[in-house]
Amino acid sequence: QVQLVESGGRLVQAGGSLRLSCTASGRTLGSRAMGWFRQAQGKEREFVAAITWSGGSTYSTDSVKGRFTISRDNAKNTVNLQMNSLKPEDTAVYYCAGRKSSVLATTPPSYDYWGQGTQVTVSS
């Protein structure tokens with residue numbers, strides 16, 4: 001079993017930057033693909049970005065391309081999301097998720113492990 005804990009969320013002004021981190025415990029991230037999702041109040045959980053086990057391939061949703069970067073450090077069992085040029089519409093609870101598979105995926109049901117989430121609030 002893998003436990004995921006997110007950190008780094010806070011209130012930030014529009015145009016600012018945040019770095020979210022996800023730390024795994026229980027078992028190593030190993031060969032698992034990892035992803036970040038977000039859920040704004042009253043909306044469904046949506047895909048943000050994903051990364052393969054090697055870190056060699058990443059994918060992100062169009063709304064964050066050029067602004068957000070996903071990365072991972074398997075030696076430290078962490079996955080990070082660097083968020084730049086933040087906008088008020090980025091306000092949401094951000095969740096880290098992991099798959100048993102090494103293949104990228106963009107839908108919540110494709111992920112087997114979830115963190116509790118960290119709140120990101122972007123003020124205008």
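Bear in mind that the values here come from a model prediction, so they are computed numbers and not experimental data.
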Qualifying disulfide (SG to SG under 2.5 Å) pairs with a residue from residues 64-124, counting only residues at least two apart or across chains: Cys22-Cys96

Smallest heavy-atom separation, Ala33 atom then Tyr111 atom, equals O-CE2, 4.3 Å

Where Ser124 and Pro88 come nearest, the two heavy atoms and their spacing: CB-CG, 3.8 Å

If I take atom [atom1] from residue [X] and atom [atom2] from residue [Y], how far apart are they, to the nearest 0.5 angstrom?
X      : Y     : atom1 : atom2 : answer
Lys87  : Ser85 : NZ    : OG    : 8.0 Å
Leu18  : Gln82 : CG    : CD    : 8.5 Å
Thr61  : Phe37 : OG1   : CZ    : 10.0 Å
Ser71  : Met34 : OG    : CE    : 11.5 Å
Thr118 : Arg10 : OG1   : CZ    : 11.0 Å
Gln116 : Glu6  : CD    : CD    : 7.5 Å

Taking C-beta and beyond as the side chain, do Gln119 and Leu11 meet within less than 4.5 Å on heavy atoms?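 Side chain of Gln119 against side chain of Leu11, heavy atoms only: no contact under 4.5 Å found.
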
Can you find a pair of side-chain heavy atoms, one from Val12 and one from Met83, that are under 4.5 Å apart? no

How would you list all residue pairs meeting salt bridge (charged side-chain N to carboxylate O under 4.0 Å, His left out) that involve residues 44-60, not counting sequence neighbours? Arg38-Glu46

Mind checking whether [X] and [Y] sit in one hydrophobic cluster, side chains of I, L, V, M, F, W, Y counted as touching below 4.5 Å?
X     : Y     : answer
Leu81 : Phe47 : no
Tyr94 : Val79 : yes
Val2  : Ile70 : yes

Derivation and outcome, side-chain contact (heavy atoms from CB on, under 4.5 Å), residues Trp36 and Phe68: CA-CA 11 Å; Trp36 284 95; Phe68 292 10; over 6 Å; no

Under 3.5 Å, is there a donor-acceptor pair between the side chain of Arg72 and the main chain of Thr52?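 Judged by distance alone, yes, a pair lies under 3.5 Å.
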
Suppose we screen for side-chain contact (heavy atoms from CB on, under 4.5 Å). Which residues come up paired with Ser21, at least two apart in sequence or across chains?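 Ser21 satisfies side-chain contact (heavy atoms from CB on, under 4.5 Å) with Ser7, Asn80 once adjacent residues are dropped.
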
Can a salt bridge be assigned to the pair Asp62 and Lys65 using a cut-off of 4.0 Å between side-chain N and carboxylate O?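 So Asp62 pairs with Lys65 through a salt bridge.
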
Quick test of your reading of the model: are Arg32 and Asp112 salt-bridged, counting only N-O distances below 4.0 Å? no

For Tyr113 and Lys100, run side-chain contact (heavy atoms from CB on, under 4.5 Å): C-alpha distance rounded to whole Å, both residues' side-chain angles, the deciding distance at 0.1 Å, then the answer. CA-CA 8 Å; Tyr113 310 105; Lys100 293 179 180 178; 3.5 Å; yes

